[in-house]
Each structure stands twice: as C-alpha cells, then as structure tokens.
Amino acid sequence: MNFQFSVTTLKSNLQTVRARIARAAESAGRDLNGITLVAVSKTIPAEMILAASELGVRHFGENRVEEAGEKITQVVSRAPQSTWHLVGHLQSRKAKEAAEFFNLIQSVDSVSLAQKLAARAAAIGKRMPVLIQVNVSGEATKFGFAPAAREKFFADTREILSCQHLDIQGLMTIAPSGTDPNAARPHFRALRELRDQLCAQFPDCAWQHLSMGMTDDFEAAIAEGATIVRIGRAIFGDRN
Ligand SMILES: *Cc1c(COP(=O)(O)O)cnc(C)c1O
C-alpha cells in the first residue's frame, strides 16, 4: 500500500467519522465535547498512527500489551500529547507493562486483575485510570463482569472501588458483533442503566464514562449516552 495514498484515505475517513459522530450527537441532543473518539490502532503501524495524530487524533486504542508497548514508545516520542487506551483483555502477568504504557485501561474484567493493577500503580507511584468491562450481552466468548448476577457484580464492584491506586472512571462494553446497529442498541441502553444503578449504589464514584460503540454501531451507542467511542476500521480501513 502506498503510504501517501493511505494518508489521503485516512484523512477522508476521519472527516467522515467525525461528521457522523457530530450528527449522532446532534440527533441525541448531546454536546459533542462529551464524546471522545478513540482511534483503535491495533495492527496499524506507528507511521500511520503518527499521521492520524497529525490530523488531530489524540486518543488511541490498542488491544495487546506486547504489540502496543513498542508502538506507544515510538509514537509518544514524536507525539507526546497522544493518550493510550487498553481495550483488550489484560492478563495479570502483564499488569506491570500495562500500568506503565497506558493512560486508561478500559478492560478491567476481574477483581484480581484490578488488585494486581492497583499494586503496580502503587509501585510506580500513580493512580491508574480504569474502566470496568461489563459483558452486557452475556456471550460466553466475551470478557467482562456479568451484571445479571447482580449481588455478585455489586460485591465485586465494591472490592474494585476499595483499590486505593485505581481511579475508576466508568464502564466499558462490547456489543455482539454484527452490522445491525439496532441490534446493538439494547445492550448499550443496558450499560447506561447499569451505570445509573451504580451511581445510586456507589455515589462517591463519578462513573463519568460509558465506553461503547465501534465501527458498526457507534451512532447507536452515542444515542444511548456513549462518552467514549472506539473506532478502528472506519478510520484505518479493514485490518488484515
Ligand atoms: C478492535 C476493537 C475495536 C474497534 O473495532 P472496529 O470494528 O474496527 O471499529 C473497539 N473495541 C475493542 C475492544 C476492540 O477490540
């Protein structure tokens, strides 16, 4: 692929995505400033990420710590203002690297991982921003807490909230894959309702973020209150 051509495509893809986000926000009567675009750059080379950075993208999402570490170092050296989100499942043994490289870990999916991250954050003297990943659809293939088991979920949440070196900023979910955004919408609504219940149950936590919506369904997610959308293919093209 010719790089210059790719940057041209990247630019028009970004314009389209930003326009669609703006339109979705407007239809929902929401402030565009309340919606953060995370460009999911997994499998995308550092050069292309830097090109996106030059086009004004500040937030990038990666799903594997090994792959991300080197890319983040490379990109940050030239784009120090870039902010990094871990959106994929994190194994406890990689908690240390994750805490060092990422600005927000969106995929906290167990109490033990939260505790491991908190310990790592304490060791490097930071308070690690995280989201709690929730498996709203209950699909067996997906990571995340099962909110259907309400008592257990609230008990686990209480444990995570007691981790001193974590800054819990809200919830993340992945809707079932498929190209029909109307099918995803009830899952996004369920995450918003869960957030409202958590706000009532644990009012000391702000629960400010709802990270939901990807290439195929981000408009539905914005309609249901997404504050973070994670978009890969619509920006960088199909992954190999
Ligand atoms: C890959 C990925 C995305 C982006 O998906 P696209 O369909 O490419 O927009 C978002 N969130 C997570 C957790 C992902 O793994």
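Ligands are counted one by one from 1 in listed order, and the atoms in each one are counted from 1 as well. Being a predicted model, the structure only gives us computed values, none of them experimental.
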(request) Start with the C-alpha distance between Val134 and Met172, add both sets of side-chain angles, then the distance that settles side chain to side chain contact (heavy atoms under 4.5 Å, CB included), and finish with yes or no. (result) CA-CA 6 Å; Val134 178; Met172 182 272 242; over 6 Å; no
(request) Side-chain contact test, heavy atoms from C-beta onward, threshold under 4.5 Å: evaluate it for Leu194 versus Phe153 and give yes or no. (result)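 Sidechains of Phe153 and Leu194: in contact.
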(request) Measure the shortest side-chain to side-chain distance between Ile35 and Ile222 over non-hydrogen atoms and say whether it is less than 4.5 angstrom. (result)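 The answer is yes; the side chains approach within 4.5 Å.
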(request) Assess the pair Phe102 and Trp84: is the distance between their ring centroids shorter than 6.0 Å? (result)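 For Phe102 and Trp84, the ring centres are not under 6.0 Å apart.
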Can you pull every nitrogen or oxygen pair between ligand 1 and the protein closer than 3.5 angstrom?
from: ligand 1; atom 1: 7 (O); to: Arg233; atom 2: NE; distance (Å): 3.0
from: ligand 1; atom 1: 7 (O); to: Arg233; atom 2: NH2; distance (Å): 2.7
from: ligand 1; atom 1: 8 (O); to: Arg233; atom 2: N; distance (Å): 2.8
from: ligand 1; atom 1: 8 (O); to: Arg233; atom 2: NE; distance (Å): 3.3
from: ligand 1; atom 1: 8 (O); to: Arg239; atom 2: NH1; distance (Å): 2.8
from: ligand 1; atom 1: 8 (O); to: Arg239; atom 2: NH2; distance (Å): 3.2
from: ligand 1; atom 1: 9 (O); to: Thr215; atom 2: N; distance (Å): 2.9
from: ligand 1; atom 1: 9 (O); to: Thr215; atom 2: OG1; distance (Å): 2.5
from: ligand 1; atom 1: 9 (O); to: Gly232; atom 2: N; distance (Å): 2.8
from: ligand 1; atom 1: 11 (N); to: Arg230; atom 2: NE; distance (Å): 2.9
from: ligand 1; atom 1: 15 (O); to: Lys42; atom 2: NZ; distance (Å): 2.7

(request) Give the minimum heavy-atom separation between Ala118 and His165, together with the two atoms involved. (result)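 Shortest heavy-atom contact: O-CB, 3.5 Å.
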(message) If the test is side-chain contact (heavy atoms from CB on, under 4.5 Å), which one of Asp196, Leu131, Leu198 qualifies with Trp207?
(response)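 So the option named by the test is Leu198.
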